[in-house]
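After the structure tokens below, expect a handful of questions from me.
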Amino acid sequence: MSDQYTRLTRRLADADPDIAALIEAEGRRQHDKIRLIASENYVSQAVLDATGTVLTNKYSEGYAGRRYYEGQQIIDQIEEIAVARAKALFGVEHANVQPYSGSPANLAVYLAFMQPGDTVLGMSLPMGGHLTHGAKVSATGKWFNAVHYGVRRDTGRIDFDEVREVALRERPKLIVAGGTAIPRTVDFAAFAQIATEVGAILFADIAHIAGLVAGGAHPTPVGHAEVVSTTTHKTLRGPRGAMLMSTADRAKALDKAVFPGLQGGPHNHTTAAIAVALREAAQPDFGTYAHQIVANAKALAAAMTERGFDLVSGGTDNHLILVDLTGKEIGGKPAAKALDAAGIELNFNTVPFDTRKPMDPSGLRIGTAAVTTRGMTEKDMPQIAAWIDEAVTAAREGKEEALDGIAAQVRDFCAAFPIPGWSQD
Ligand SMILES: *Cc1c(COP(=O)(O)O)cnc(C)c1O
């Protein structure tokens, strides 16, 4: 054997102890904390296995049967399985599993159906929309005429009067339904009615809720929206990636937009891992998982309300809770930093009609997909709410020394809930 070959076959720990040690440390961190970041999850060992394979070596520009590189005998089969599973799971006529992530997937939708300067109507970022729904700092806000809707001040829910009013006035080509900080069910039928009225294409972005939709814990946009995008790594619990789904008549434009419009070769190791995740999501126990995510979010919301936390819209229908800390007299950023030190990981977030700045807004965003994967249930949520309350109170009172104590309790608690891909020994 040549030295070169020996070098190539060394495992990570031997080949690069620096990075191996950091990955090990990240595994421990993910294990020892209560992860409440609403966009995160823990993927299965099978998904991890598929991701770290020789599929990463292959170039496959094009689509199955129509590639620009040779040697696609196996890759074509993998991508065809992923596509078939996506179509079956979501009940769609067309699926494209190649988008590198949610943002490029959304950009492909714009490329498919819009010209620069055309009008898009999406939820505004501070109200709960995503950057790619026309936010000023995003390409979607720079290259298109983005107009926005938000939520009602009194209910914290999407203001459909406003959606309709803006749609009638601005005549958007594309209406985006969905977001990153929406704690309530998205009424895709109501969006579809407005889209039909103004002749717009309805585009549902289910990045956050795809796992809930697949598991029957949130109504599907299919049948209402002609185009659906999703990430694969949030509640759907797959690798980092994305999918576009649509009716048959929108298929060609979407496929052309992804490749060659926006991307080169697909990430085949990710495609395989998406296929694995879609198979997992088609099992009956995934429906149980999806419903448990919602049950946990509702239990956590109730426990937090009991402790005097003010929740946007007063609660949750899905995996996500948006906390307004205004009444607690602490900003979202110092609260999130204190919680992280206490072993509870989440993110600061704007709340609708926020009076503070985006880099230190009034809210916290919480999600239950990851803790549910670890097997935590409703009975564990009051304890989590108690630790959140203790840490926020400690931060407000400047008693940072209390946070270490909470982190130690959290670590002990987490030891009972193993994660795939990392263990104590
Ligand atoms: C997460 C998210 C995206 C973007 O996904 P990335 O993979 O981070 O690019 C797009 N839309 C919504 C609604 C999201 O929540």
Side-chain angles (χ1 to χ4, degrees), residues 35-41 43 47 51 96-112 120-135 137-141 144 146 148-151 158 174-188 191 202-214 218 220-221 225 227-245 254 257-258 262-263 266-267 270-271 273-274 277 293 297 316 318-322 346-350 352 363 365-370:
R35 296 177 63 223
L36 296 175
I37 292 182
S39 49
E40 292 184 354
N41 212 328
V43 301
V47 168
T51 306
N96 184 316
V97 297
Q98 294 192 4
Y100 298 143
S101 211
S103 303
N106 288 357
L107 206 53
V109 177
Y110 287 80
L111 185 62
V120 56
L121 171 59
M123 195 172 201
S124 79
L125 187 64
M127 290 282 182
H130 189 258
L131 284 162
T132 55
H133 299 176
V137 293
S138 150
T140 60
F144 303 98
H148 291 106
Y149 59 85
V151 299
I158 291 170
L174 196 67
I175 297 179
V176 193
T180 60
I182 304 176
R184 295 294 181 174
T185 300
V186 177
D187 187 347
F188 295 113
F191 274 107
L202 180 60
F203 161 33
D205 180 350
I206 61 167
H208 262 263
I209 56 170
L212 303 183
V213 170
H218 188 291
T220 180
V227 178
V228 177
S229 79
T230 183
T231 57
T232 47
H233 48 271
K234 299 179 184 176
T235 54
L236 193 55
R237 212 165 62 183
R240 303 200 80 83
M243 307 194 297
L244 286 169
M245 299 176 279
L254 283 174
V258 174
L262 213 55
Q263 299 187 171
H267 295 179
T270 300
T271 304
I274 288 174
I293 292 174
T316 179
N318 53 31
H319 65 301
L320 190 146
I321 298 166
L322 199 53
L346 42 66
N347 65 281
F348 59 82
N349 213 95
T350 54
R365 191 182 67 158
I366 293 176
T368 52

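Note that ligands are numbered from 1 as they come in the structure, with each ligand's atoms numbered from 1 the same way.
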Quick one: does ligand 1 sit under 4.0 Å from the side chain of Lys234, the backbone, both or neither, non-hydrogen atoms only?
side chain

Check the pair Ile274, Thr232 against side chain to side chain contact (heavy atoms under 4.5 Å, CB included), reporting the backbone distance first and the verdict last.
CA-CA 7 Å; Ile274 288 174; Thr232 47; 3.9 Å; yes

Can you sort out which atoms of ligand 1 are near Asn106, meaning under 4.0 Å from one of its heavy atoms?
10 (C), 11 (N)

Is a side-chain N or O of Thr180 found less than 3.5 angstrom from the main chain of His130, in a donor-acceptor match?
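Looks like no, no N/O pair under 3.5 Å.
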
Yes or no: does Ser39 have any heavy atom under 4.0 Å from an atom of ligand 1?
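The answer is no, since Ser39 has no heavy atom less than 4.0 Å from ligand 1.
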
Any side-chain heavy atom of Ile182 sitting closer than 4.5 Å to one from Met123?
yes

I need the contact type for Ala207 against ligand 1. Using non-hydrogen atoms and a strict under-4.0 Å cut-off, is it side chain, backbone, both or neither?
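It is the side chain that gets close, since no backbone atom is under 4.0 Å.
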
Near Ser103, which atoms of ligand 1 are under 4.0 Å from a heavy atom of that residue?
4 (C), 5 (O), 6 (P), 9 (O)

Mind checking whether Tyr100 and His267 have parallel, tilted or perpendicular rings, split at 30° and 60°?
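Correct class here is parallel.
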
Indicate the ring-plane relationship of Tyr110 and Phe203, choosing parallel, tilted or perpendicular according to the 30° and 60° boundaries.
perpendicular

Does Ser138 reach the main-chain N or O of Leu131 with its side chain, forming a donor-acceptor pair under 3.5 Å?
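Side chain of Ser138 to backbone of Leu131: a pair is present.
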
Protein contact to atom 3 (C) of ligand 1 [nearest heavy atom, distance to 0.1 Å]
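The closest heavy atom on the protein side is His130 NE2, 3.3 Å.
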
Arg365 and Leu346, any side-chain heavy atoms less than 4.5 Å apart
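Result no, sub-4.5 Å side-chain heavy-atom pair not found.
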
4.5 Å side-chain heavy-atom contact, Ile158 and Phe191
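The answer is yes, as the side chains (C-beta and beyond) meet within the 4.5 Å cut-off.
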
Atom indices of ligand 1 within 4.0 angstrom of Gly179 heavy atoms, with elements
13 (C)

Report yes if some heavy atom in the side chain of Pro221 is under 4.5 Å from a heavy atom in the side chain of Val186; otherwise report no.
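No, their side chains stay 4.5 Å or more apart.
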
At less than 4.0 angstrom from any non-hydrogen atom of Thr180, what atoms of ligand 1 do you find?
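The list of qualifying atoms is 12 (C), 13 (C), 14 (C), 15 (O).
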
Would one find an N or O of Thr231, backbone or side chain, under 3.5 Å from an N or O of ligand 1?
no

Out of Ala204, Gly102, Ala38, who is nearest to atom 6 (P) of ligand 1 when you count heavy atoms only?
Gly102

For His233, is the nearest heavy atom under 4.0 Å from an atom of ligand 1?
yes

Identify, for atom 7 (O) of ligand 1, the protein heavy atom at the shortest distance, and state residue, atom and that distance.
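Closest protein heavy atom to atom 7 (O) of ligand 1: Ser101 OG, 2.4 Å.
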
Ranking Ile209, Leu320, Asp205 by closest non-hydrogen atom to atom 13 (C) of ligand 1, top hit is Asp205

